[in-house]
Structures are given as structure tokens and as C-alpha cells.
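Following: one structure in C-alpha cells, then a few remarks.
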Amino acid sequence: MTSAEPLPILCYPDPRLHTVARPVAAVDARIRDLADRMFATMYEANGIGLAATQVDVHERLIVIDVSEERDQPQVLINPQIEWASEETRKGEEGCLSVPGIYDGVERSVAIRVRALDANGAERVIEAEGMLAVCIQHEMDHLMGKVFVEYLSLLKRNRIKSKLLKAQREAERG
């Protein structure tokens, strides 16, 4: 695990979640520190993935750990999907930026992604199942898209109202 300081997570419908992330220019100490802090944030929130966009850093960086033991952290810098299966499956998704909300989203069952790791080395990941879903979900964040945008307008508006009400109540203490 990491001893890095966690970061605050933006909550939907915060407009900053719709910012398209720019490519990471250099894999350096700043990016590695950001990745460490993102892991600390993700683990503290019991998440399996986190995009830099969710912590208000608009660069193409994702951290993921879908392992039961929480001991297989993966850093994906400037990820690109090279291939996605035509076969899709609708699965229940949640999001650290949309707390307490879960709904079905259609995703490719398998993907191949090219990205840089925390050392700047290029790697190709062949993913299926939970890892494939998680990568697609986090890459959506880098494009400024939150999973609730796959849902109907009615569901989105209900979620937005519910989360805004929760935020107002939290601010009142």
C-alpha cells in the first residue's frame, strides 16, 4: 500500500468531470507522486479504478486494482484502446464520483490497450471481464464522460437531484 496523502474526489454533477484530459507530457516524479496519491485515494474509498479527472487533474492518467487482495496496482498513462470486442455485456457499474449509485452499462467484454506504466515503459494490456470494464469506465472519465451519461435522461436527472441534495445536506452539517 501507499503512505501518500489521498486527494478529494469530484462528485457528479461537478462540471470539471466533463473536462477532456490532455496527454501526459513526461513520466516524471510529479506523475509518479500523483499516481501514488490516486492509489491512496482509490483504496481509501474502496474503489477499483480512478482517473486523474476525478481528482481535478486533467491529464491522461488512470490507476486500477481489481484484485481481491488489493495488491495488483496498475498505472496507465496516455492509454489508448487498440481493439475492442464486438461482443458486449451489460453490467452493473458504480463510480467514486457518483457515490451510492449503481446501474447497468453496456461495455465490450474484451479490449487491448496500449499505455505507459509509472516508469514510462510502453505496455500492452489484453483485458477481459472486470479489468476490461474498469479500463473502459476510467477512459471515459479522461474523455469527460461519467457513466450516468449512458443512462436515460430521466435517470440522470434523478441521480443529479439526489446527489445535489446530499451535497447541500453535507454542507449544512
Side chain proximity check, Leu76 to Leu116, heavy atoms < 4.5 angstrom: no

Quick one: are Arg37 and Asp33 in side-chain contact, heavy atoms under 4.5 Å? yes

Results of side chain to side chain donor-acceptor pair (under 3.5 Å) for [X] - residues two or more places apart only:
{"X": "Arg16", "result": "Asp14, Asp56"}
{"X": "Thr53", "result": "none"}
{"X": "Lys155", "result": "Asp103"}

I need the minimum non-hydrogen distance between [X] and [Y], along with the two atoms involved.
{"X": "Arg123", "Y": "Asp117", "result": "CD-CB, 3.7 Å"}
{"X": "Glu44", "Y": "Pro6", "result": "OE1-CG, 3.4 Å"}
{"X": "Leu96", "Y": "Met42", "result": "CD1-CA, 4.3 Å"}
{"X": "Ile9", "Y": "Ala45", "result": "CD1-CB, 4.2 Å"}
{"X": "Glu5", "Y": "Ala40", "result": "C-CB, 4.4 Å"}
{"X": "Ile48", "Y": "Cys134", "result": "O-SG, 3.6 Å"}

Does any N or O in the side chain of [X] come within less than 3.5 Å of the main-chain N or O of [Y], such that one atom is a donor and the other an acceptor?
{"X": "Asp36", "Y": "Phe39", "result": "no"}
{"X": "Gln72", "Y": "Asp65", "result": "no"}
{"X": "Thr19", "Y": "His58", "result": "no"}
{"X": "Arg70", "Y": "Tyr43", "result": "no"}
{"X": "Asn78", "Y": "Val24", "result": "yes"}
{"X": "Gln54", "Y": "Ala51", "result": "yes"}
{"X": "Gln136", "Y": "Ala132", "result": "yes"}

Using a side-chain heavy atom cutoff under 4.5 Å and only I, L, V, M, F, W and Y, what cluster partners does Met143 have? Val20

Assigning hydrophobic clusters by single linkage (Ile, Leu, Val, Met, Phe, Trp, Tyr; side-chain heavy-atom cutoff under 4.5 Å), is [X] placed with [Y]?
{"X": "Met130", "Y": "Ile125", "result": "yes"}
{"X": "Leu61", "Y": "Val55", "result": "yes"}
{"X": "Leu10", "Y": "Phe147", "result": "yes"}

Checking side-chain contact (heavy atoms from CB on, under 4.5 Å) between Val148 and each of Leu163, Ile159, Asn157, which is the one that passes? Ile159

Within 6.0 Å of CD in Glu149, more than 12 heavy atoms from elsewhere: yes

Would you give me the side-chain donor-acceptor pairs under 3.5 Å for residues 80-93, sequence neighbours excluded?
residue: Glu82; atom: OE1; partner: Arg112; partner atom: NE; Å: 3.4
residue: Glu82; atom: OE2; partner: Arg114; partner atom: NE; Å: 2.4
residue: Glu82; atom: OE2; partner: Arg114; partner atom: NH2; Å: 3.0
residue: Ser85; atom: OG; partner: Glu87; partner atom: O; Å: 2.8
residue: Ser85; atom: OG; partner: Val109; partner atom: N; Å: 3.2
residue: Ser85; atom: OG; partner: Ala110; partner atom: N; Å: 3.2
residue: Ser85; atom: OG; partner: Ala110; partner atom: O; Å: 3.4
residue: Thr88; atom: OG1; partner: Glu106; partner atom: OE2; Å: 2.6
residue: Glu93; atom: OE1; partner: Arg107; partner atom: NH2; Å: 3.1
residue: Glu93; atom: OE1; partner: His137; partner atom: ND1; Å: 2.7
residue: Glu93; atom: OE2; partner: Arg107; partner atom: NE; Å: 2.8

Enter the distance from Ser108:OG to Ile135:CD1 here, rounded to the nearest 0.5 Å. 12.0 Å

For residues 162-173, the side-chain hydrogen bond (donor to acceptor under 3.5 Å, both in side chains) pairs (sequence neighbours left out) are none

